[in-house]
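Remember, it's 1-based here, ligands and their atoms both numbered in the order they're listed.
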Amino acid sequence: MTILQELEQTITDMVDDQRGILAADESTPTIKKRFDAINTESTEESRRKYRSWLLSTPDLGDYISGVILFEETLDQNSDDGVLLPQLAWNQKIVPGIKVDKGTALLPGGQGDLITKGLDGLAERLAEYKQKGARFAKWREVYSVSDSNPTPLGISANAEMLARYAAVCQELGIVPIVEPEVLMDGDHTIERFAEVNEAVLAEVFSALRRHHVQLENMILKPSMVLPGKERRRASPEEVAEETLKVFKRTVPAAVPSINFLSGGQTPTEATENLNAINQLKGNAPWQLSISYGRALQQPALQAWCGKDENREAMQQALLKRAQMNSLARKGLYTADKE
Ligand code: 13P
C-alpha cells in the first residue's frame with residue numbers, strides 16, 4: 001500500500017455513522033489519579049489488566065472504531081498473550097497512540113501553555129507504527145479567561161498541531177488534531193464560543209499552511225460549554241453554539257469531528273452529543289466521540305480494582321458506548337439508560 005492508501009484505509013476503518021473512539025491514553029500520572037479514586041494501586045500490571053479488559057469487552061467493536069493507547073500499552077499483552085493493539089483490531093477497533101509529551105508554559109504567552117514532543121517525533125512514530133499504531137493523537141490545551149488564550153498562544157499552539165499532523169501523514173499515520181479549550185473557570189458560553197472559534201480558525205489556517213490533507217485527519221475538539229463554575233447549559237443551547245462555531249471554522253473536507261468529554265459527566269456528554277446530532281441538519285462531517293472519562297468513569301467505578309468485577313466493568317463500558325452510539329443518531333433518551 002502507498003502512504004496515501006494507508007491513510008485512506010485508516011479513515012475508512014475509523015469513520016462511520018455509528019461508532020466512536022475510546023480514549024484510553026492516560027499518561028502514567030493521570031491514570032494514577034483515576035486509580036487513586038477507586039483505591040487501586042497503579043502498577044504496570046494493574047494498568048495492563050485494566051486496559052486489556054477494556055479492549056476485550058465483548059461486542060465493543062460494534063460501537064467503538066478506534067482506541068487511543070498510551071505508549072506502554074503497545075507492548076503489553078492480554079491475559080492470554082495477545083498484544084493489546086492486536087486485541088483491539090481483533091474486533092475491528094483501530095489502535096492509535098498518544099504522541100505528545102504534555103504541556104509547558106509558553107514563554108511570552110502570559111500563562112498560555114504549549115505542548116512538548118516534536119523533537120524525534122518521526123522516529124517515535126515509525127516505531128509505534130511497527131507496533132501496530134495506525135493513527136496518533138496530539139493535544140494542545142487552552143485555558144479561558146478574559147485575556148487568555150493570547151493571540152500568541154493561539155498561533156503557537158496551532159503551529160504545533162499542524163507540524164505534528166504533517167509528520168504523521170508523511171508516515172502514513174492518521175493524525176487526530178486535538179485543540180482542547182478547557183471548561184475550567186466561570187466564563188460564559190458566549191466567551192467559550194468566541195475562544196473556540198478563534199482557536200479552530202487558526203488551527204485550520206496552520207494545517208493548510210503545512211499542507212495537511214484534511215480528508216485524512218480527524219478533529220478532536222471541545223464542545224462549546226459554559227465554564228464549570230456556571231450553571232449547566234441545556235443540551236439544545238450547547239448544540240446550537242457548538243454547531244455554529246464548527247460551521248464557521250471546520251472545512252467540509254474533514255471527515256469526522258470526535259468530541260472530547262473534558263470533564264462533563266458521562267450522561268451529560270451523551271445528552272449533548274445527542275442534541276448536536278439532532279440539530280446537525282446537513283452538516284458535512286460525522287459528529288462523534290473520542291471520550292476518555294465519559295466512557296471510562298462508570299467502568300472504573302464498577303471495577304474498583306477487583307478481579308471478580310471484570311464483567312461488571314465491561315458491561316459499564318459497553319453501556320456508555322451503546323448510549324453514545326444512539327446519540328450519534330439523535331436517538332438517545334434518558335429512559336434508555
Ligand atoms: P476526556 O474525554 O476525558 O476529556 O479525554 C479525552 C482525551 O483524550 C483528552 O486528551
Side-chain angles (χ1 to χ4, degrees), residues 14 19-38 47 50-51 54-55 63-71 73 88 93-103 113-117 133 135-144 157 160-161 164-165 174-185 192 196 199 203 217-225 227-228 238 242 256-273 276 287-301 316-317 320-321 323-324 327-328:
M14 291 180 73
R19 301 188 297 161
I21 297 170
L22 164 65
D25 60 329
E26 298 82 1
S27 63
T28 308
T30 303
I31 194 79
K32 180 177 182 317
K33 266 197 279 178
R34 306 275 187 267
F35 280 17
D36 283 349
I38 53 163
R47 296 190 293 270
Y50 170 66
R51 285 167 168 159
L54 287 181
L55 293 176
Y63 309 102
I64 296 295
S65 62
V67 60
I68 315 173
L69 303 172
F70 187 61
E71 198 172 357
T73 313
I93 300 172
V94 179
I97 176 80
K98 166 197 173 78
V99 297
D100 64 71
K101 296 270 186 194
T103 56
L113 299 173
I114 190 85
T115 296
K116 301 176 287 181
F135 71 94
K137 181 196 100 169
W138 180 290
R139 170 176 176 257
E140 296 288 331
V141 194
Y142 308 80
S143 286
V144 181
N157 280 280
M160 295 298 276
L161 281 169
Y164 139 81
V174 165
I176 294 191
V177 171
E178 181 181 10
E180 175 171 7
V181 182
L182 294 174
M183 272 172 81
D184 307 278
F192 196 106
N196 218 347
V199 163
V203 166
M217 60 160 275
I218 291 173
L219 179 68
K220 172 166 177 168
S222 307
M223 290 178 188
V224 177
L225 302 160
K228 256 190 209 156
V238 171
T242 299
S256 190
I257 296 178
N258 291 57
F259 294 102
L260 58 96
S261 59
Q264 301 175 69
T265 66
T267 47
E268 193 179 343
T270 305
E271 284 164 4
N272 286 336
L273 180 74
I276 289 170
L287 290 155
S288 183
I289 61 167
S290 176
Y291 291 166
R293 283 162 287 179
L295 282 172
Q296 288 187 62
Q297 234 164 36
L300 281 163
Q301 277 155 7
L317 172 67
R320 290 293 5 120
M323 294 298 113
N324 284 300
R328 296 240 18 223

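- Within a 6.0 Å radius of NZ in Lys228, more than 12 heavy atoms belonging to other residues, nucleotides or ligands are found.
- Contact analysis leaves Lys98 out of contact with ligand 1, as no non-hydrogen atom separation drops below 4.0 angstrom.
- Atom 3 (O) of ligand 1 has its nearest heavy-atom neighbour, among Arg293, Glu140, Arg139, in Arg293.
- Not a single heavy atom of Ala269 sits less than 4.0 Å from an atom of ligand 1.
- If you check the side chains of Thr115 and Arg139, you find no donor sitting under 3.5 Å from an acceptor.
- Heavy-atom proximity to atom 10 (O) of ligand 1, evaluated over Gln297, Lys137, Glu180, is greatest for Lys137.
- Each of the atoms 1 (P), 2 (O), 3 (O), 4 (O) of ligand 1 lies under 4.0 Å from some heavy atom of Ser261.
- Atom 9 (C) of ligand 1 has Glu178 OE2, 3.2 Å as its closest protein atom, hydrogens excluded (heavy atom only).
- Looking at Asn196, its side chain does come within 3.5 Å of a backbone N or O of Ser222 through a donor-acceptor pair.
- Heavy atoms of Ser290 found under 4.0 angstrom from ligand 1 belong exclusively to the backbone.
- The existence of a salt bridge linking Lys98 and Glu178 is excluded, since no basic side-chain nitrogen approaches an acidic carboxylate oxygen closer than 4.0 Å.
- Counting only heavy atoms from C-beta outward, the side chains of Ile68 and Leu22 never approach each other to under 4.5 Å.
- Counting the atoms of ligand 1 from 1 in the order shown, those under 4.0 Å from a heavy atom of Tyr291 are 2 (O).
- Looking only at distances, a side-chain donor or acceptor of Tyr164 sits under 3.5 Å from a matching main-chain atom of Ile176.
- For ligand 1, the atoms sitting less than 4.0 Å from at least one non-hydrogen atom of Ala23 are 8 (O), numbered in the order shown with element in parentheses.
- Ligand 1 is approached by Lys220 to a heavy-atom distance shorter than 4.0 Å.
- Closest to atom 5 (O) of ligand 1 among all protein heavy atoms lies Gly292 N, 3.6 Å.
- Below 4.0 Å from some heavy atom of Gly262 lie the following atoms of ligand 1, by number and element: 1 (P), 2 (O), 4 (O).
- Neither the backbone nor the side chain of Ile68 comes within 4.0 Å of ligand 1, counting heavy atoms alone.
- With a 4.5 Å cut-off on side-chain heavy atoms, Ile276 and Phe259 count as touching.
- Counting atoms of ligand 1 from 1 in the listed order, those under 4.0 Å from a heavy atom of Asp25 are 8 (O).
- You'll find the side chain of Thr28 reaches within 4.5 Å of the side chain of Arg47, heavy atoms only.
- Inspection of the Tyr50 and Gln296 side chains reveals an N or O donor paired with an N or O acceptor under 3.5 Å.
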